[in-house]
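Input: a single structure, listed below in structure tokens.
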Amino acid sequence: MAITDSAPAPNFIHHIIDEDLKIHKNDGRVITRFPPEPNGYLHIGHAKSICLNFGLAADYHGVCNLRFDDTNPSKEEMEYVESIMADVRWLGFDWEDRLFFASDYFEPLYDYALHLIKTGKAYVCDLSPEQVREYRGTLTAPGADSPFRQRSVPENLDLFKRMRAGEFADGSRTLRAKIDMASPNLNMRDPVLYRIKPESHHRTGDAWCIYPMYDYAHPLSDALEGITHSICTMEYEDHRVLYDWALDHCPVPCHPQQIEFARLNLSYTVMSKRKLLQLVNEGHVAGWDDPRMPTLAGMRRRGYTPEAIRAFCERIGVGKRENLVDLALLEFCVREDLNYRAPRVMGVLRPLKVVLLNYPEDRVEEIEAVNNPEDLTQGARKAPFSRVLYIEREDFMEDPPKKFYRLAPGREVRLRYAYFIRCEAVVKDPLTGEVVELRCTYDPATRGGHAPDGRRVKATLHWVSAAQAVSAEVRLYDRLFTQAVPGEEHGGDFQADLNPASLQVLTSCRLEPSLAGALPGSFYQFERQGYFCVDQKDSAPGAPVFNRTVTLKDPWARLQQAQKK
RNA sequence: UGGGGGAUCGUCCAACGGCAGGACAGCGGCCUUUGGCGCCGCUGAUCUAGGUUCGAAUCCUAGUCCCCCAGCCA
């Protein structure tokens with residue numbers, strides 16, 4: 001059985017909403033929204049926001065809208081809206097018929113602007129971008145009023161209408177809010193409401209050449225949709241007074257409440273669009289859906305399940321302080337989910353040939369293997385067993401150290417579900433000294449893996465029968481960066497911490513024959529190795545490519561690591 | 001040296017004047033036909049200094065440290 005989403009862990013936003021409900025604010029409604037800008041791919045940080053917004057709505061029997069914040073035609077594309085919708089759906093959330101675009105509101109937004117002008121709250125400014133910056137002042141010095149601040153209402157109205165009509169050059173004028181150039185909050189120093197951009201918009205085409213700014217469009221869009229709680233990240237905290245200003249000065253149907261929370265930071269990866277884009281553009285990864293990327297597309301391809309990601313978002317909680325969540329928690333969440341769901345199979349990643357000296361040459365047995373010990377309803381399968389097998393190279397050591405209790409000369413181990421075998425001889429390449437083959441004997445009395453005399457072995461190995469094995473490419477993925485905070489010790493140069501071993505491609509893997517027809521997207525546990533999924537892009541019928549999602553916990557590997565140091 | 005925000009186990013989140021709790025990580029043990037899973041146990045935190053109070057992570061005062069803001073980006 002797969003894990004289910006547990007009861008919501010209460011967070012400070014729940015407390016706020018509980019209080020709102022107590023005083024019957026918004027008639028007890030809870031309406032949230034997830035407002036991505038369609039200029040990039042969604043990542044695990046967005047997942048936190050999606051789970052929060054849709055989760056809150058679900059918790060309070062409300063609804064959550066999907067609204068694209070598409071107010072900047074120069075950066076936004078339809079391709080992104082498609083991928084974002086697919087990702088949200090994949091994550092398991094449903095906006096039903098509530099798919100909106102800020103661009104749907106361009107006309108009412110324009111009317112609100114007219115209202116602001118008429119009430120003396122906005123004016124057309126002819127300052128250039130450079131001049132606007134100069135007039136704005138600095139963090140410590142107040143700004144100065146624009147020379148165009150005192151334009152009459154009729155003149156402003158005329159000019160703004162002509163801005164819309166396309167009479168003025170790109171960037172030559174803006175519509176600005178008339179607030180306070182001396183405000184200690186820079187956002188209140190007559191912020192730009194509209195800019196001229198004679199560009200084609202991905203949805204409105206050439207209907208507009210002026211486009212509203214986020215600070216103006218967002219609160220009004222929220223109000224138009226009847227949003228009750230507008231949840232955003234901490235960097236917008238400074239903008240909240242402006243959010244409220246817009247709602248206070250426009251005849252809107254309601255006044256949503258902006259609430260800020262801390263965005264997710266995950267160790268051993270980067271999350272900013274800029275850095276992600278750089279990784280793609282400079283070829284450090286194969287694309288936005290490279291399985292090493294923290295994008296939802298990448299994680300999906302890597303084999304992360306929506307259930308695991310949702311469980312993760314639930315466990316990390318929601319707060320207001322800066323945070324760095326341990327990647328280990330994410331990995332724990334996938335393992336937890338996959339442990340119950342993934343069928344077990346045997347796959348040898350780095351094959352070492354084993355010949356069973358006392359096993360008949362032409363004999364092939366069918367060994368029964370349980371598909372998932374955590375879920376017996378998944379049944380069992382048969383795996384062929386014969387004289388020539390492969391085992392994992394690292395499961396044999398000629399000169400084993402203390403805590404190594406796998407196969408070694410003279411030692412006996414169990415082959416999972418099959419027989420006990422004993423290593424009788426080691427065959428080496430005469431030139432390189434490399435171990436190329438093991439000569440073993442098997443004990444016919446131990447069929448199934450039990451010794452009738454009660455003798456025990458210290459290890460159980462996975463194996464495949466050489467003749468029937470299918471070959472496959474397996475891609476071993478590891479964390480993209482070697483440092484928890486990439487670039488922290490290189491003055492922010494995150495690429496300096498790129499993990500050179502983040503991808504290892506193995507081409508001579510031997511898998512049990514049941515995997516021959518593995519379907520793209522399906523996932524398995526390779527026993528004793530990890531969870532793997534069949535790559536959706538690079539697999540061909542009959543030639544699956546496997547991506548390692550995450551390893552199993554491996555105390556032996558850890559021990560070895562510790563000894564190296 | 002303006003404004004906004006934040007400081008609780010290594011990490012993340014709780015506790016909202018009444019025994020600082022959970023999860024991940026780590027360590028130890030049990031179990032085991034996956035050195036997986038599971039189970040048990042341990043380690044481990046209230047930024048500092050004062051104050052109020054029978055009692056403070058929580059309230060007050062003064063500090064310290066960290067993050068964000070000077071796009072016609074969102």
Side-chain angles (χ1 to χ4, degrees), chain A residues 9-12 15 35-37 39 69-72 74-76 125 127-129 132-134 136-143 170-176 183-189 191-197 210-211 213-215 217-218 232-241 260 262 264 267 273 315-333 335-336 339-340 344 346 369-370 373-374 403-406 414-418 420 446 448-450 456-462 484 525-530 551-559:
Chain A
N11 57 53
F12 76 98
H15 295 322
E37 183 188 12
N39 73 340
D69 224 326
D70 55 350
T71 56
N72 186 351
S74 27
K75 299 169 38 176
E76 296 149 7
C125 180
L127 255 26
S128 70
V132 168
R133 196 185 317 128
E134 284 160 21
R136 185 154 34 225
T138 70
L139 292 178
T140 49
D170 186 1
S172 61
R173 280 176 230 258
T174 55
L175 182 73
R176 293 229 257 161
S183 171
N185 181 343
L186 303 219
N187 297 121
M188 298 299 271
R189 319 244 260 229
V192 170
L193 267 24
Y194 273 89
R195 73 288 216 184
I196 298 173
K197 262 181 190 286
I210 57 172
Y211 293 93
M213 298 289 289
Y214 168 88
D215 281 323
H218 205 86
C232 62
T233 43
M234 293 301 288
E235 65 268 27
Y236 291 102
E237 200 147 23
D238 276 346
H239 297 242
R240 192 172 58 230
V241 282
E260 309 86 11
L264 168 70
S267 60
K273 276 180 192 168
R315 280 172 198 258
I316 58 176
V318 180
K320 286 172 80 90
R321 55 180 157 224
E322 242 216 332
N323 58 76
L324 180 66
V325 175
D326 195 339
L327 178 63
L329 179 61
L330 216 211
E331 296 183 336
F332 169 84
C333 291
R335 291 193 187 106
E336 184 187 45
N339 178 43
Y340 284 102
R344 315 283 122 128
M346 291 194 284
V370 169
E374 298 292 330
K403 300 241 171 144
F404 183 88
Y405 44 81
R406 275 107 100 146
R414 169 169 40 233
L415 294 183
R416 174 138 238 224
Y417 298 123
F420 285 11
T446 57
H450 299 278
R456 326 266 300 178
V457 288
K458 292 271 285 182
T460 300
L461 270 39
H462 59 279
Q525 183 198 100
F526 286 12
E527 292 215 27
R528 306 207 305 132
Q529 300 278 358
T551 61
L552 252 29
K553 262 170 67 179
D554 189 350
W556 168 243
R558 275 185 54 83
L559 230 179

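Letters go in sequence order (proteins before strands), and every chain restarts at 1.
- Base pairing of B:A15 is not made with any nucleotide, judged by Watson-Crick or G-U wobble geometry with both donor-acceptor distances under 3.5 Å.
- Ranking B:A74, B:G35, B:C24 by closeness to the A:Lys403 side chain, first place goes to B:G35.
- Spacing between atom CG of A:Asn11 and atom P of B:U8 amounts to 17 Å, rounded to whole angstrom units.
- As the counterpart of B:U64, B:A7 is assigned, both hydrogen-bonding distances of the Watson-Crick or G-U wobble pattern falling under 3.5 Å.
- As rounded to whole Å, 11 Å separates atom P of B:A14 from atom CG of A:Asn323.
- Protein atom CG of A:Asn185 is 11 Å distant from nucleotide atom C1' of B:C68, rounded to whole Å.
- Taking the side chain as every heavy atom from C-beta outward, A:Thr174 and A:Ile196 never approach each other to under 4.5 Å.
- Residue A:Arg189 is out of contact with every strand shown, counting any heavy-atom pair closer than 4.0 Å.
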query: Can you check side chain to side chain contact (heavy atoms under 4.5 Å, CB included) on A:Thr446 and A:Arg414, steps first, answer last?
result: CA-CA 9 Å; A:Thr446 57; A:Arg414 169 169 40 233; over 6 Å; no
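- Nucleic acid contact for A:Tyr194: none, since no nucleic acid atom lies under 4.0 Å from a heavy atom of the residue.
- Rounded to a whole Å, the CG atom of A:Asp326 is 15 Å from the P atom of B:C9.
- Between A:Asp215 atom CG and B:C69 atom P there is a gap of 13 Å when expressed in whole angstrom units.
- The side chain of A:Leu552 approaches B:U34 more closely than any other nucleotide in the set B:U34, B:G3, B:C16.
- Considering only side-chain atoms of A:Thr138, the nucleotide from B:A70, B:C72, B:U34 that sits closest is B:A70.
- Listed nucleotides: B:C12, B:C72, B:G2. Nearest to the side chain of A:Met213: B:C72.
- With both ends at atom P, the span from B:A7 to B:A15 equals 12 Å, rounded to whole Å.
- With RNA chain B read from its 5' end, the first of the two nearest nucleotides for A:Met234 and A:Pro373 is the one closest to A:Met234.
- For the pair A:Arg321 and B:A7, the criterion of a side-chain N or O lying under 4.0 Å from OP1 or OP2 is met.
- Both A:His15 and A:Tyr236 lie near RNA chain B, and the one whose nearest nucleotide falls closer to the 5' end is A:His15.
- The partner of B:G41, taking Watson-Crick or G-U wobble pairs whose two distances both stay under 3.5 Å, is B:C27.
- Rounded to whole Å, the separation between the C1' atoms of B:U43 and B:G6 comes to 28 Å.
- Base engagement by A:Tyr417 is indicated by at least one non-hydrogen atom pair under 4.0 Å involving a base atom.
- Note on A:Pro129: a base of the nucleic acid sits closer than 4.0 angstrom, heavy atoms only.
- Judged by distance alone, with hydrogens and angles left aside, A:Arg240 brings no side-chain donor or acceptor close enough to the base of B:G4 to form a pair under 3.5 Å.
- At a threshold of 4.0 angstrom between heavy atoms, the contacts of A:Thr71 are confined to the sugar-phosphate backbone, with no base atom among them.
- Side-chain contact between A:Glu76 and A:Asn72: present, with at least one pair of heavy atoms (C-beta onward) separated by less than 4.5 Å.
- Side-chain proximity of A:Lys553 to B:G6, B:A74, B:G36: nearest is B:G36.
- Straight-line distance between the P atoms of B:C69 and B:G63: roughly 26 Å, to the nearest whole Å.
- Taking the six-membered ring for Trp and the full ring otherwise, A:His15 and A:Phe12 have centroids separated by 6.0 Å or more.
- Phosphate proximity of B:G71 to A:Arg133: present, with a side-chain N or O under 4.0 Å from OP1 or OP2.
- Within 4.0 Å (heavy atoms only), A:Glu527 reaches at least one base atom of the nucleic acid.
- Across the C1' atoms, B:C40 and B:A45 are found 24 Å apart, a figure rounded to whole Å.
- Under the 4.5 Å side-chain criterion, counting only non-hydrogen atoms from C-beta, A:Phe404 is in contact with A:Trp556.
- Of the candidate nucleotides B:G10, B:G36, B:U1, B:U1 has the atom lying nearest to any side-chain atom of A:Thr140.
- In the set B:C69, B:A25, B:C72, B:C69 carries the atom at the smallest distance from any side-chain atom of A:Leu139.
- Nucleotide B:G51 carries an anti base; the chi torsion (O4'-C1'-N9-C4 or O4'-C1'-N1-C2) is more than 90° from 0.
- In the set B:G36, B:G3, B:A74, the nucleotide with an atom closest to the side chain of A:Pro184 is B:G3.
- A sub-4.0 Å separation between OP1 or OP2 of B:C27 and a side-chain N or O of A:Arg558 is present.
- The side chain of A:Val192 lies closest to B:C72, out of B:C73, B:G3, B:C72.
- Here A:Asn39 lies out of heavy-atom contact (under 4.0 Å) with every strand.
- With a 4.5 Å cut-off on side-chain heavy atoms, A:Pro191 and A:Arg176 do not count as touching.
- Between A:Arg416 and A:His462, the side chains place no donor N or O within less than 3.5 Å of an acceptor N or O (distance only, hydrogens not considered).
- One can place CD of A:Glu235 at 15 Å from P of B:G6, the figure rounded to the nearest angstrom.
- Within 4.0 Å (heavy atoms only), A:Gln525 reaches at least one base atom of the nucleic acid.
- Using a 4.0 Å heavy-atom distance criterion, A:His218 is classed as making no nucleic acid contact.
- In this structure, of B:A74, B:C16, B:G2, it is B:G2 that holds the atom nearest to the side chain of A:Leu186.
- Residue contacts shown for A:Val241 are absent, as no nucleic acid heavy atom lies under 4.0 Å away.
- The residue A:Asp238 sits close to a base: some heavy atom pair falls under 4.0 Å.
- Counting only heavy atoms from C-beta outward, the side chains of A:Met213 and A:Leu193 never approach each other to under 4.5 Å.
- Regarding contacts with the backbone of B:G71, every side-chain N or O of A:Arg195 stays at 4.0 angstrom or more from both OP1 and OP2.
- Using atom P as the reference point in both B:C66 and B:C24, the two lie 32 Å apart (nearest Å).
- Straight-line distance from the CD atom of A:Glu260 to the P atom of B:C68: 16 Å, rounded to whole Å.
- Residue-level contact check: A:Gly449 touches the bases, meaning some heavy atom is under 4.0 Å from a base atom.
- Annotation: side chain of A:Val370 is in contact with side chain of A:Tyr417 (closest heavy-atom distance under 4.5 Å).
- Look at A:His239 and you won't find any side-chain N or O under 4.0 angstrom from OP1 or OP2 of B:C73.
- The phosphate of B:G3 (OP1 or OP2) has no side-chain N or O of A:Ser183 nearer than 4.0 angstrom.
- Look at B:A70: it lacks any Watson-Crick or wobble partner with both distances under 3.5 angstrom.
- The shortest distance between the side-chain N/O atoms of A:Arg528 and the OP1/OP2 oxygens of B:G35 is below 4.0 Å.
- Nucleotides B:C59 and B:U8, compared at atom P, are 15 Å apart to the nearest Å.
- The side chain of A:Arg136 contributes an N or O atom lying less than 4.0 Å from OP1 or OP2 of B:C72.
- Ion pair A:Lys553/A:Glu331 not flagged as a salt bridge, since none of the NZ, NE, NH1 or NH2 atoms sits closer than 4.0 Å to an Asp/Glu carboxylate oxygen.
- B:G55 sits 14 Å from B:G18 when the P atoms are compared, rounded to a whole Å.
- Spacing of P atoms, B:C19 relative to B:A57, comes out at 10 Å, to the nearest Å.
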